[in-house]
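Keep in mind that what you see is a predicted model, and the values were worked out from it rather than measured. Residue numbers start from 1 in every chain, and the chains themselves are labelled A, B, ... in the order their sequence lines are given, proteins ahead of strands.
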Amino acid sequence: MRIATWNVNSVRARTGRIVDWLERADIDVLAMQETKCKVDQFPVGAFEEAGYEVEVHGTNQWNGVAFASRLPMSEPRVGFANMPGYANTPPESGELPLEARALGVTVEDVRLWSLYVPNGRELGHPHYAYKLAWLRALLDDTVAWLGEHPDEPLALMGDFNIAPLDTDVWDMAAFDGLTHVSPPERDAFQALLDGGLVDVVRDRGEEGFTYWDYKAGRFQRNHGMRIDFILGSAAFDELVVDASIERDERGGDAPSDHVPVVVELDIETSMDDDRPMIF
DNA sequence: ATGGCGTTGGAACAACGA
């Protein structure tokens with residue numbers, strides 16, 4: 001079974017590219033982030049024509065997470081326990097709206113999450129505090145789940161908006177005083193690893209960036225960042241037989257600014273078989 | 001030091017991004 005995560009930077013602007021890649025790369029399950037549309041705006045038909053069902057979470061033109069899968073998905077869940085909300089100008093009621101940043105599904109007894117971690121904007125900005133609180137709640141929910149399901153495969157997949165290592169950005173000097181590399185953000189990422197997850201892609205020796213800004217020829221100069229990850233439980237880690245960062249997807253016409261990250265699991269599915277399912 | 005570019009809503013520009 002081959003699963004992937006990809007911040008697509010608008011599913012409507014890139015529907016053809018995404019579906020083409022799913023087929024070309026033989027992907028069974030894709031976690032998407034930054035779909036940038038409401039549920040009823042999602043191009044469901046294009047995925048279904050290619051043999052993929054979708055689970056979609058989106059409330060407006062920002063954020064948005066989804067799954068496309070050619071294997072059955074079950075137990076969809078929007079958000080996680082105590083996930084904080086955000087508003088630039090908090091309403092009088094004090095109830096902050098929840099954003100479309102987390103969606104969970106189960107496929108072949110593997111629990112999968114598509115996560116779009118808040119950007120943070122600037123150190124000291126309310127959005128930065130929101131980012132850290134969001135990551136704390138994610139950690140708490142993940143640790144609780146692992147406590148209840150210690151032997152089950154789980155993967156948190158998505159755009160974490162954190163570069164955990166100095167080598168995960170092209171030049172640390174360019175990030176002085178900026179988000180994505182600050183110690184509290186890196187501590188929050190490390191806490192997920194300490195909580196029982198493994199960076200299954202890095203652990204298999206796969207190197208390179210997953211994001212390059214559109215501006216200033218950043219891709220051509222390889223001025224990128226590694227901020228998209230697949231973090232797996234021990235049971236998930238044991239299943240991983242291959243991992244890759246699909247750098248070529250940053251090229252061509254109208255690419256996303258992120259590329260897909262893929263892992264192959266040692267799970268036999270009907271899709272591994274070229275014979276028809278029904279004789 | 002700044003902008004570079006791209007997407008969305010909604011019809012000019014603001015919000016957002018990392």
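The gap from the P atom of dG10(B) to that of dA14(B) amounts to 16 Å, rounded to the nearest Å. For the P atom pair drawn from dG3(B) and dA12(B), the interatomic distance equals 24 Å after rounding to whole Å. To the nearest whole angstrom, the two P atoms, one in dC16(B) and one in dA1(B), are 26 Å apart.
Between Asp166(A) and Arg186(A) there is a salt bridge, with a side-chain nitrogen of the basic residue lying less than 4.0 Å from a carboxylate oxygen of the acidic one.
In this structure, Lys215(A) places its NZ atom 13 Å from C1' of dT7(B), rounding to the nearest Å. Phe209(A) has its CZ atom 16 Å from the P atom of dA18(B), to the nearest Å. Remark: C1' of dG17(B) and OH of Tyr86(A) are 13 Å apart, rounded to the nearest angstrom.
Just one of Arg226(A), Arg202(A), His180(A) meets the side chain to side chain contact (heavy atoms under 4.5 Å, CB included) condition when paired with Pro164(A); it is Arg202(A). For the side chain to side chain donor-acceptor pair (under 3.5 Å) with Arg204(A), the qualifying choice from Asp237(A), Asp199(A), Asp242(A) is Asp237(A), the only one to do so. Considering Arg70(A), Glu264(A), Met271(A) in turn, Arg70(A) is the only one that fulfils the side chain to side chain contact (heavy atoms under 4.5 Å, CB included) rule with Asp26(A).
OP1 or OP2 of dC16(B) has not a single side-chain nitrogen or oxygen of His127(A) nearer than 4.0 Å. The phosphate of dG6(B) has neither OP1 nor OP2 within less than 4.0 Å of any side-chain N or O from Arg14(A). Put simply, Asn60(A) has no side-chain N or O that comes within less than 4.0 Å of OP1 or OP2 on dC16(B).
Of the candidate nucleotides dG6(B), dG4(B), dA18(B), dA18(B) has the atom nearest to the side chain of Asn119(A). The side chain of Asn88(A) has dA15(B) as its nearest neighbour among dG4(B), dG17(B), dA15(B). Considering only side-chain atoms of His180(A), the nucleotide from dG17(B), dC16(B), dA18(B) that sits closest is dA18(B). Between dG9(B), dC5(B), dA18(B), one nucleotide has an atom nearer to the side chain of Tyr214(A) than all others, and that is dC5(B). The listed nucleotides are dT8(B), dG4(B), dT7(B); the one nearest the side chain of Ala216(A) is dG4(B).
The nearest heavy atom of DNA chain B to Met225(A) and to Asn9(A) marks one nucleotide each, and the one closer to the 5' end goes with Asn9(A).
Donor-acceptor pairing under 3.5 Å, judged by distance alone, is absent between the side chain of Asp213(A) and the base of dA18(B).
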